[in-house]
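All ligand and atom numbering here is 1-based and tracks the order in the structure.
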Amino acid sequence: MTGDALAGRLRDIVGSQHVLTDADLKAGYETDWTGRFQGKARLVVRPSRTNEVAAVLVACAEAGVPVVPQGGNTGLVGGSVPSGGEVVLSVRRLDEIGEVDAVAGQVTAGAGVTLATLQAHARAARLDFGVDIPARDSATIGGMVATNAGGIHVMRFGHMRQQVAGIEAVLADGSIVSRLSGLQKDNSGYDLAGLLAGSEGTLAVITKVRLRLVPQRPHRVVALLALGDTAAAQDTLTALRPGLPSLEAAEIFYREGVELVCEHSGLLPPFAEPYPCYLLLECAGRMDPATELIEALETSPPGPLSASREGGTPRRPADASPILDTAVATDRPGRERLWAYRELHTSAINAAGIPHKLDVSLPPGELAAFERDVRALVAGAAPGARVILFGHLGDGNLHVNILGVPPEDETVDDLVLRMVAERGGSISAEHGIGRAKLRWLSLTRSEADIAAMRAIKQAVDPSGILNPGVLLNTAMDCGR
Ligand code: 2HG
Ligand code: ZN
């Protein structure tokens, strides 16, 4: 089938206005958020129903044309943009959302529903959704399940896979697998929903998801703590956690990130003087958690001395609090202001250049030393590069962003990911492997793991038309 014949067939399926071949119209689907990954799509097709997705996949399979499924295109590892010549299948028009099932505490959402829409829908029914990410206005549910997105509330509610009670998806041959009843107990075979969560569009196109909802927590308090270093932040969190059942976010960032955010957004700095490290805590509940948080901050034991871990001289008296300054907000504008220092990191970094993004997790005991050593490692390998670190301290997840290194030069990526693997971490905490980390998969997944993954891929997509070059690449993912 020629390119034009495929376009014609797809027009018959979805309507001609939903097959984009014009360069200007395709452009928004061809570059990822960072600007680092891009490629020309043969065309973009935008089905609005599951049976259209199935017909599109059959047509592409018959034409032998690979398909890149795409949601809100907020991914950060090049997993939802073409590398050249693929059909981009945008699920954004699959945006139906069902009534909230208050008895089950669940809702069925189309893959193209944005997280913000889902949150508003759940809140109107006095429930909420357990996962939240800064890209909530654009990120779609299908993409979030496909990448098993994590975000800022994982420490309380888990990541996307844990919110999924059922799934509908189209396999490469156009067959539809559908389990959307949301049964709480269903031990009747392989958990396809769990498998598709985190499969990055390589096994199926997710079309609908049955999602678990969580109780609404209308009362919130946010505290921004200034600290001397990562170890002090960890000690503080460890000391506070047992007394704070309402804690749902513990985010870490550093002086250079706050300075970049302020420069980019015009925000004033959070405190009169800058500090090396910041820990943002959010507590939420049905009752106001402000007293609980403030009491915990005043009375929690200081915890182990950070310096003692490294065998150095303690930098504070054993009974002194490591907290150097505190800002607390209970009203919405105040909370949003404190969150802005954290949430604006990604856009401030993007505004400063094309970053190398390494989303990694470490065992808790390794995190503080890693934060220090990774800065030294990058400084040695790429003098002049800027390292901006931030992330989800409660999950041991750091986002290592490096500016000032050409996009195609992967020397620092290699060094950093090897350091992560040596210290028992994961080369992808929550963003996935995509194209960005394909060549390093075997650093933290065994040969047997990769062989099993490849066997699954081969079984459900034998001609390899779904997102080739993402997550698994038979030529490159082993033997490093
Ligand atoms: C976040 O936590 C996202 O804000 C994006 O995971 C991280 O931009 C990044 O590196
Ligand atoms: Zn994150």
Please work out whether any backbone atom (N, CA, C, O) or any side-chain heavy atom from C-beta onward of [X] is under 4.0 Å from ligand 1, and answer side chain, backbone, both or neither.
X	value
Asn401	side chain
Glu251	neither
Glu343	neither
Asp359	neither

Geometric class of the His399/His431 ring pair [parallel <30°, tilted 30-60°, perpendicular >60°]: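 Parallel, since the angle between the ring planes stays under 30°.
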
Proximal heteroatom of His399 relative to the Zn ion (ligand 2) (N/O/S):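 Going through the N, O and S atoms of His399 one by one, NE2 ends up nearest to the Zn ion (ligand 2).
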
Atom name, Glu430 (N, O or S, nearest to the Zn ion (ligand 2)):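 Answer by atom name: OE2.
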
Side-chain donor-acceptor pair present, His159, Glu430, cut-off under 3.5 Å: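 On atom types as modelled, these side chains do not qualify, holding no pair under 3.5 Å.
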
Minimum non-hydrogen distance to atom 4 (O) of ligand 1, winning option of Arg342, His345, His431: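 It is Arg342 whose heavy atom sits nearest to atom 4 (O) of ligand 1.
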
Donor-acceptor pair, side chain of Asp132 and main chain of Ile152, under 3.5 angstrom: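 Not a single qualifying donor-acceptor pair exists.
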
salt_bridge([X], [Y]) N-O dist < 4.0 Å:
X	Y	answer
Asp414	Arg418	yes
Arg423	Asp373	yes
Glu168	Arg210	no
Arg375	Glu256	yes
Glu410	Arg36	yes

What are the atoms of ligand 1, with element, lying closer than 4.0 Å to any heavy atom of [X]?
X	value
His392	2 (O)
Phe390	4 (O), 7 (C), 8 (O), 9 (C), 10 (O)
Thr346	4 (O), 5 (C), 7 (C), 8 (O), 9 (C)

Any N, O or S atom of Asp359 closer than 2.8 Å to the Zn ion (ligand 2):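 Not a single backbone or side-chain N, O or S atom of Asp359 is under 2.8 Å from the Zn ion (ligand 2).
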
Heteroatom test (N, O or S) for His431 near the Zn ion (ligand 2), limit 2.8 Å: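 No, since none of the N, O or S atoms of His431 sits under 2.8 Å from the Zn ion (ligand 2).
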
Over 12 foreign heavy atoms within 6.0 Å of CD, Glu96: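 Check fails, neighbour count at 12 or below.
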
Nearest-neighbour protein heavy atom for atom 9 (C) of ligand 1, which is reported as residue plus atom name and distance: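 Protein heavy atom with the smallest distance to atom 9 (C) of ligand 1: Lys357 NZ, 3.2 Å.
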
